[in-house]
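A short worksheet on the structure shown next.
Everything numeric in this text was worked out from a predicted model, so none of it was measured. Atoms within each ligand, like the ligands themselves, are counted from 1 in listed order.
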Amino acid sequence: MHNVVISGTGLYTPADSISNEELVESFNAYVHQFNSDNAAAIERGEVAALGESSAPFIEKASGIKSRFVMDKAGILDPQRMKPRLRERSNDEPSILCEMATAAAEQALQRAGKTAADIDAVIVACSNLQRPYPAVAIEVQQALGIQGFGFDMNVACSSATFGIQTAANSVQLGQARAVLVVDPEICTGHLNFRDRDSHFIFGDAATAVVVERADLATSAYQFDIVSTKLLTQFSNNIRNNFGFLNRTAEESADAIDKLFVQEGRKVFREVCPMVAELIAQHLAENDIEVSAVRRFWLHQANLSMNHLIVKKLLGRDATLDEAPVILDTYANTSSAGSVIALHTYQDDLQPGALGVLSSFGAGYSIGSVILRKR
Ligand SMILES: CC(C)(COP(=O)(O)OP(=O)(O)OC[C@H]1O[C@@H](n2cnc3c(N)ncnc32)[C@H](O)[C@@H]1OP(=O)(O)O)[C@@H](O)C(=O)NCCC(=O)NCCS
């Protein structure tokens, strides 16, 4: 069995960003139009009037101030309220492949590796743009990587599940190094007409090189000390989009074919599960919670993260201990915790311990204990 490290991370951030104020202005324009178009039916009590959204509510409830997106104009157009991403021909790189490749190139560069050093690619994300061929195989070709590639989806936990899968391959000698890439266009599945959730998501892609420790040469290495995963079925975060939608035409475009959640229930149920899993994982590795220098948590909701770390530490965490990126990125699904890792790692001293943790639909929870080399 080989020891395994993360030897490089990468991040692709879209050029456009939408502030809460811009998003709310577009949403409220839609609300006014809807209420005016349906004034008579609302008056008769047949249709419920829509309520306005509010930027202060969004920041208070979630901690989100803005989000990066692949297409700002399409999302903010009150007549459209979804990104406009043109259909590409089969001879062009897909948009997920393009984002993934950009993040992967940075991860490879930080790892000091080229395509020739990588034996496999895993694309791990919440929303794959097609069933096949796997986006991972397209990324493999775009980067000139030999070996094999496959896609996997464990919603917001895709990255940590991908890292465990990659680490297993490297440990067993099936690959010298595996590239795990998480391209997320969450705005593609977000219902921008839903007041409860229109502010939640943003777009980004991350990449991680998982490599055999004895081959790693970079200055950015973390030992993968241990990984631990947990899933428990729940309908509280759900998206019913799929290939069978066309077989039930009457509901093919219903709103459950987009992201739907019971936010309050998710908050209540997931926080204790995450804190318990991380505590258990650390205990199994004889690590005191107080010895953990940094928690790179999934970035969905600031209060959730505060609560989770407070349950673990018995006190509030500092920003240095549990860094926040959701204020400018919003929830980027599986990319979120890796963005935090990528952005907040270079100050750590050799030997420093950290926990990368994701949580989301499934429910699915992942914990990866890392030690700076
Ligand atoms: C989504 C979330 C931010 C909502 O925050 P919340 O505090 O639970 O808010 P609620 O939905 O209970 O709504 C509270 C009030 O604000 C109102 N409200 C909801 N959306 C609003 C908006 N955009 N603007 C203004 N008010 C709004 C509600 O109508 C409700 O009003 P009421 O008290 O008069 O009924 C929060 O539940 C959350 O982040 N949960 C975890 C989600 C998560 O991690 N999901 C993982 C996804 S991968």
So if I count the atoms of ligand 1 from 1 in the order they appear, which ones are less than 4.0 Å from some heavy atom of [X]?
X: Asp196; answer: 19 (C), 20 (N)
X: Ile237; answer: 46 (C)
X: Cys156; answer: 48 (S)
X: Val266; answer: 43 (C), 45 (N)
X: Ser54; answer: 24 (N), 25 (C)
X: Met304; answer: 41 (C), 44 (O)
X: Ala300; answer: 44 (O)

Tested for side chain to side chain donor-acceptor pair (under 3.5 Å) against Ser226, the lone hit among His281, Arg371, Glu284 is His281
Apply the side chain to side chain donor-acceptor pair (under 3.5 Å) test between Glu321 and each candidate in Arg315, Arg293, Arg294; give the one that qualifies. Arg315
Tell me whether [atom] lies less than 4.0 Å from at least one protein heavy-atom position.
atom: atom 30 (C) of ligand 1; result: no
atom: atom 40 (N) of ligand 1; result: yes
atom: atom 6 (P) of ligand 1; result: yes
atom: atom 11 (O) of ligand 1; result: no
atom: atom 33 (O) of ligand 1; result: no
atom: atom 45 (N) of ligand 1; result: yes

Kindly assign one of parallel, tilted or perpendicular to the pair Phe259 and His189, based on the angle between their ring planes and the thresholds 30° and 60°. tilted
Can you tell me how the ring of Phe68 sits relative to the ring of Tyr329, calling it parallel under 30°, perpendicular over 60° and tilted otherwise? tilted
Side chains of [X] and [Y], donor plus acceptor under 3.5 Å:
X: Ser53; Y: His198; answer: yes
X: Tyr363; Y: Asn236; answer: yes
X: Asp194; Y: Ser197; answer: yes
X: Glu138; Y: Ser94; answer: yes

Answer yes or no: are there more than 12 heavy-atom neighbours, outside Gln146 itself, under 6.0 Å from its atom CD? no
Nearest non-hydrogen protein atom to atom 13 (O) of ligand 1, with distance, is Phe57 CZ, 4.2 Å
For atom 26 (N) of ligand 1, grab the closest protein heavy atom and report residue, atom and distance to one decimal in Å. Arg195 NH2, 3.1 Å
Would you say Asn331 and ligand 1 have an N/O pair spaced under 3.5 Å apart? no
With only distance considered, is Asn301 within less than 3.5 Å of ligand 1 through an N or O on each side? yes
Out of Ser53, Ser62, Ala61, whose heavy atom sits nearest atom 4 (C) of ligand 1? Ala61
Tell me which one of Gln299, Gln261, Arg264 gets a heavy atom nearest to atom 42 (C) of ligand 1. Gln261
Between Arg238 and Glu262 (salt bridge meaning N to carboxylate O under 4.0 Å), is one present in this structure? no
Reported CG-to-CZ distance for the pair Asn20 and Phe57, which is rounded to 0.5 angstrom: 11.0 Å
contact_flag Gly263 ligand 1 heavy-atom lt 4.0 Å: yes
Measuring only between side-chain heavy atoms, which start at C-beta, is Val210 closer than 4.5 Å to Val180? yes
